[in-house]
Structures are given as C-alpha cells and as structure tokens.
Amino acid sequence: MAEVRTRIAPAPSGSIHVGNARTALYNWLFARHHGGVFVLRVEDTDAKRATEEAYAAVVEDLRWLGLTWDEGPEVGGPFGPYRQSERSGRYRAAVMQLLDSGHAYRCYCTPEELAERRQRALGEGRTPGYDGHCRHLSDADIARYEAEGRRWAVRFAVPPGRTIAFEDVVRGEIATPTERIPDFVIARADGSPTYVLAAGLDDALMNITHVIRGEDLIPATPRQLLLREALGITDRPVFAHLPLLVDGSGRPLSKRWGDVAVRAYRERGFVPEAMVNYLALLGWSYDDRTNIFSVQELIERFSLERVGRNPATFDVAKLEWLNQHYIKQMPPSRLAEQIRPFCIAAGLDAAGDEGRALLERVAPLLSERLKRLSDAPAMVAFLFRRMAPDERAAEALQGQGEYLGAAADALEGLERWDRADIEAALRALAERRGLKPRRAFQPIRAAITGTLVSPPLFESLEILGRDETLARLRAAAGQPVAAAGGKA
RNA sequence: GGCCCGGUAGUCUAGUUGGCCUAGGACGCCGCCCUCUCAAGGCGGAGAUCACGGGUUCGAAUCCCGUCCGGGCUACCA
C-alpha cells in the first residue's frame, strides 16, 4: 500500500464535539499505526460561524488530546493551503470544468420555488429531491431567466441508470442506484462550494487514502464518487463510516444532554489520557477483555476492522473510572501541577510558591481519591484556610471539648512532627481512654478539616503543621489559643 | 413518505466460516473483607428469554424470511 494519508476536517465552530474528537482520534490512530500522514484541514467555508476564536479552540482541543497533525494550518505541507477559505480558486476551477464538460448545469430555481415544489412533492407522497427542472433548459429559458436577473447555483447532473457502489471497511458494500440521488448543488449562487464538492475535491487533491468519518456522511459518499469520476479522478479512497455517538435515549449527542465539547471535559477535570482511552473504546475494541490502553498501545493495536457498527452511548461514569485510573498513575508532582489551576479557580491561595509546595505534599494523598482533578479543591481547602464545621462535623464535635484539648496536649510535646509520631501519640491517647479508632479520630478530623471526610488524618496533620493543628484543636476545644503561629 | 444504517444486561463490548456460549470481560450497582473518614485494593453477587416471530438444522446470538423499534440522509449545513 502506498503511504497512508488520513484527515480530520472540522468546521471551526468552537471547542470540538466529542464525536468529532473520536473521529479525529481514529484517523490519527490509523495514520500512526501505518506510519502515515495525518492531515488537519479546516472547513471554514461557512464564514458566519468560522471565527478566529473558534478556530483557535479547535487547534487547542486537538493539541490537548495529543492529536498532532503532520500537515495542516500552522505546520504547512505540500498540499496546502489547508483552510478551505483559502482554496476557493480550486473549487471554482472544478465547478467550471464540470460545467464545461456537461457534468453540471446552472440551476435558476429560487429557494422559494424549490421549497414550494418540495412541499408539493411531499404532500403527494413523492420523493422530495430536486426534480431536474433546470437540467435541460432551452436557450430561450436561459435568456429569460438571465433577463429576470436570476442568480444561479450549479447542480451536478447525476447520470441515470447506474449503481454507485463502494466497500465500506466497517459496513461492507453499500450500493446506491443513481435514481435515488437527485441532482445536488455543488456551488451556491454566491459561488461558494457545498460540502460535498469541497470535501470530496480536497480529499482527492490532498491524496487522502482513507476517509474515516461519521455515518451521517454515508449518503454523501456516492455523490463524491460521482464527482471524482466526472473530474477524471480515477483512484478512490477507502471509506470507513463510524457509528454515531448517542445519548442515553439513543439520540445524537446534543447540548441538551450534557457536555458535548471537549473543552468542557477538560474544564471539569478530565485528563487527556482518559479521554483518548475512553473515546477509543467507544466504537472500537481490541479483544474481549482489555480496557486500559496507553496511546502507544492504541497506535499498535488500532484497526478499522475492529470498529463496531452500532451507535455508542457516551457514558460519563466509565470515563470517570478511566480518569481516576490515569490520575492514580500520575507522578505526585505532576498531579500537584495539574490540580493547581483548579485550586486557584476555587479561590485557594495556591498560586505562589508556598501554595505550590503545599499541593506537592498533599498530592500523594489525593491520587487515589480523585475521580476528577476538579475534586481536589474541596479535599485540600482545609490546608489553606480554617473551615467552619459542616453539619455532621459539628455534631461529631458535640461534647468533645475536653477530649480535643487532651489531643492537643498529647501532640504538643512531640519531639518530631511526622506522620508516624502523630499517629502513635493519638493512638496512645485513644488507648488510654478506651476509644475505638473511629470514635477517637473523627472528632479530630472534624476539628481540623470541618468535615468527616478528608485525606488520611495523620498525614494531613503532618502537612498542616504543629502550630496550626494545635490551634485548631484548642479552638474546637473552646480553649484559649496560645499565640497560634499558623495561618488563619 | 422514500432510501440507507443499526438492535447481545443500565452502559461499552467479546462472540458472527453454526456446536468450546449452561453467552465472556469492563464500567456502574449491591454485599463482605481491609480500614482513622473517603477512596484505593481484595473477594463475592444480582443483572441478557442474544429486539420480536417464524423457518433451516441433530444443534443458531451466529444462516434465511417477516415484523417491530432506534438513528441517519432526504438543504444553495457540514
């Protein structure tokens, strides 16, 4: 096989949809697996939506996912430009060629006329596609339309009596009689190309060998094949149409259901490794048991043959499980860096060196407790500020004043302030009082963190520091606090 | 309406040259163990008449026919 070339061709309408992210991932994995080229082509022909910010968001998302492109905007390549807005000359030339060769014709029908005929066809139970009205206009008709000042679009003249077939890697053969393909628009009245023309032509011009895209584009495929043929392009790419991603009720993922933008997942504390792993599993499987794949493993194992055919439901719970897995694997120092922005956003003073150091120290306690990076602030807030006890903590503190004072006393004289000695002192105290560990430590946790759920207690106290620990215990005990040196 | 694609537990899926499937794995859920809380980890459990109905066959999730359900396309959107 010649060099494999795949592409992702997003419309820059902001942060990319997770469905497009999956399509991008499969294209990328396929290219990497075969040592081929992954192309990024921006379909920004719809000027209304294609803002620079939206474009930047697309680029940012792809980079975040790690889907580096070998050719495309910002990196260039031999088949550029890679933004369709800069390729209009090529589309125009193709349209002219098709017009000249009789493969396409001018259509003078107005949108109103089309809508009306369409309605009528629907009302009479007929197939609503274009009726070929302008396909064989007489010179007189044309002269009249021109005299009326009508604008024209260009339609492809679909040849009758043929069947266009192609072999879809995931679905097998798909054949379409040309009778079912109405003459479709390839250039709008303003001269701009439609998707079928632009995407199909660019795929050919850029030597894309494997077109991997959503199954919503299956009907576009025979049209693009027809276009290639009419343009004299003899080779054709391999097609693979991926099943759609749907929500819990089987509908395509939409804003109504929840987060559909990749950026939303990043902002909600998911890490790219988890996202990539999860997306890979959504429609593809390697065997009957493996769920965890590093990017390298995905590249080695990915194949279109093992892509499924049925639509997949996006399940945040499984994504979270993977996210937790990758967070657990992360070196603590990296985890500390990753959670820092979330802590800062939550209002914790984690921006400076002191805050950074604090996060470095708690990170090991967090790695097995975070489903999302965004869970971190709530768990570490007590290290940055004193917390008013919540309802359950307040309850646990009832009548514990004397005990908490004793705990403070037990800790005050420690020679070394480390986890092991803190634990030994508090366990000894519990022992003396005949308290079960749970009953002994929860009041202390409540006094220190303001809650009954926190990172492990002894480590937490070690990190908090002696002064602040004693101050909080004494405050909770109702005792005067002797010159607490900690932050409050 | 027409054409196309799909239908294994709540979810993702394995299995599709028919027998190794009394349908395997994972997430989630439930229980137990561990335990200073929460997690993590270990162990165990519930959960699928393989959409439904026929047929072929000694034998079907796997083959054939029909039905139902879901989705896509049917745009001068992509």
Side-chain angles (χ1 to χ4, degrees), chain A residues 9-11 13 20 43 45-46 48-49 107 109-111 114-115 118 121-130 151-155 168 170-171 174-177 179-182 184-196 198-199 213-220 241 243-244 246 248-252 278 281-292 306 308-322 324 328 365-371 375 379 396 423 426-427 430 436-442 444-446 449 451-458 460:
Chain A
S13 49
N20 291 139
E43 310 221 323
T45 47
D46 187 353
K48 290 180 288 289
R49 285 186 300 169
C107 173
C109 297
T110 65
L114 291 171
R118 183 185 157 73
L122 238 25
E124 294 167 7
R126 288 182 288 118
T127 301
Y130 185 68
R151 306 179 70 199
W152 44 271
V154 179
R155 285 184 187 273
D168 189 291
V170 342
R171 275 154 227 281
I174 297 179
T176 312
E179 271 58 43
R180 289 204 225 99
I181 308 174
F184 52 93
V185 171
I186 56 177
R188 304 184 185 97
D190 67 1
S192 65
T194 58
Y195 169 80
V196 173
R213 51 170 29 168
E215 74 170 340
D216 51 331
L217 263 9
I218 289 177
H241 289 96
L244 264 23
V246 298
S249 39
R251 311 194 153 278
Y278 181 64
L281 252 22
L282 222 42
W284 170 86
S285 65
Y286 174 67
D287 58 18
D288 64 344
R289 53 194 64 254
T290 319
N291 286 284
I292 307 279
R306 290 197 62 85
R309 287 167 296 278
N310 46 317
T313 308
F314 194 95
D315 178 19
V316 179
K318 186 152 186 178
L319 208 209
E320 280 186 331
W321 171 69
L322 284 164
Q324 186 166 36
K328 268 191 285 183
L365 307 184
L366 299 181
S367 48
E368 285 180 345
R369 295 178 167 73
L370 299 180
K371 280 222 266 275
D375 293 337
M379 290 187 192
E423 177 168 3
L426 291 179
R427 282 196 191 280
K436 294 252 191 247
R438 183 190 181 95
R439 284 189 55 88
F441 303 138
Q442 283 299 72
I444 298 176
R445 186 188 309 281
T449 70
T451 140
L452 294 184
V453 176
S454 82
L457 187 58
F458 313 119
S460 294

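In what follows, every chain begins at residue 1, and chains take the letters A, B, ... in the order their sequences are listed.
Between A:N310 atom CG and B:C5 atom C1' the separation is 11 Å, expressed in whole Å. One can place CD1 of A:I218 at 20 Å from P of B:G2, the figure rounded to the nearest angstrom. Computed from coordinates, the A:L322 CG to B:U11 C1' distance equals 13 Å when rounded to whole Å. A:E215 has its CD atom 9 Å from the P atom of B:C73, to the nearest Å. In this structure, A:D216 atom CG and B:G71 atom C1' are separated by 11 Å, rounded to whole Å. Note: CH2 (A:W284) to C1' (B:A14) measures 13 Å, nearest angstrom. As rounded to whole Å, 14 Å separates atom C1' of B:G2 from atom CD1 of A:I181. A straight line from CG of A:D288 to P of B:A61 spans 19 Å, rounded to a whole angstrom.
Within the 4.0 angstrom heavy-atom criterion, no nucleotide atom of any strand lies near A:Y278. A:S454 comes within contact range of at least one nucleobase, with a heavy-atom separation under 4.0 Å. The residue A:L452 sits close to a base: some heavy atom pair falls under 4.0 Å. Within 4.0 Å (heavy atoms only), A:L457 reaches at least one base atom of the nucleic acid. Residue contacts shown for A:Q324 are limited to sugar-phosphate atoms, with no base heavy atom under 4.0 Å away. Using a 4.0 Å heavy-atom cutoff across all strands shown, A:I444 reaches no nucleic acid atom at all. A:I186 comes within 4.0 angstrom of no nucleic acid atom, judged by non-hydrogen atoms across all strands. Heavy atoms of A:R309 sit under 4.0 angstrom from at least one base atom. Among the atoms of the strands shown, none is found under 4.0 Å from any heavy atom of A:G214. Note on A:A153: a base of the nucleic acid sits closer than 4.0 angstrom, heavy atoms only. Residue A:R439 is classed as having no contact, given no heavy-atom separation below 4.0 Å to the nucleic acid. Within 4.0 Å of A:K328, counting heavy atoms only, lie sugar-phosphate atoms of the nucleic acid but no base atom. A:P456 comes within contact range of at least one nucleobase, with a heavy-atom separation under 4.0 Å. Nucleic acid contact for A:R306: sugar-phosphate only, since backbone atoms but no base atoms lie under 4.0 Å from a heavy atom of the residue.
With distances taken from any side-chain atom of A:T313 to the nucleotides B:C76, B:G1, B:U11, the minimum falls on B:U11. The listed nucleotides are B:U74, B:A78, B:U37; the one nearest the side chain of A:P128 is B:U74. Which of B:C36, B:G10, B:C4 sits closest to the side chain of A:P437 comes down to B:C36. The side chain of A:W321 has B:G28 as its nearest neighbour among B:U37, B:U13, B:G28. Out of B:G71, B:A40, B:C36, the shortest distance to the side chain of A:F441 is found at B:C36. With B:G10, B:C36, B:A26 as the choices, the nucleotide that has an atom nearest any side-chain atom of A:F458 turns out to be B:C36. Relative to the side chain of A:A189, the nucleotides B:C76, B:G2, B:U8 differ in distance, and B:C76 lies closest. Distances from the side chain of A:R118 to the nucleotides B:A78, B:A75, B:C36 place B:A75 closest.
Nearer the 5' end of RNA chain B, as judged by each residue's closest nucleotide, is the contact made by A:R427, out of A:R427 and A:L244. Nearer the 5' end of RNA chain B, as judged by each residue's closest nucleotide, is the contact made by A:T127, out of A:R438 and A:T127.
In this model, no side-chain donor or acceptor of A:R171 finds a partner on the base of B:C5 within 3.5 Å. Side chain A:R289 to base B:U13: no donor-acceptor pair is found below 3.5 Å. In terms of polar N and O atoms assigned as donor or acceptor, the side chain of A:R369 comes within less than 3.5 Å of the base of B:C38 in a complementary pairing.
Base pairing annotation: B:C20 forms no Watson-Crick or G-U wobble pair, as no partner gives both donor-acceptor distances under 3.5 Å. Pairing for B:G53 is with B:C65, a Watson-Crick or G-U wobble pair whose two hydrogen-bonding atom distances lie under 3.5 Å.
B:C68 and B:U57 are spaced 27 Å apart, taking the P atom of each and rounding to whole Å. Here, B:U49 and B:C33 have their C1' atoms 36 Å apart, quoted to the whole Å. Nucleotides B:C27 and B:A46 are separated by 16 Å at their C1' atoms, to the nearest Å. Taking the P atoms as reference points, B:A60 lies 13 Å from B:G54, given to the whole Å. Going from the C1' atom of B:A61 to that of B:A23 covers 8 Å, rounded to whole Å.
Note: A:K318 NZ to A:L282 CG = 9.5 Å, rounded to the nearest 0.5 Å. Between atom CZ of residue A:R427 and atom CZ of residue A:F441 there is a gap of 4.5 Å, rounded to the nearest 0.5 Å.
Other residues, nucleotides and ligands contribute more than 12 heavy atoms inside 6.0 Å of the CZ atom of A:R171.
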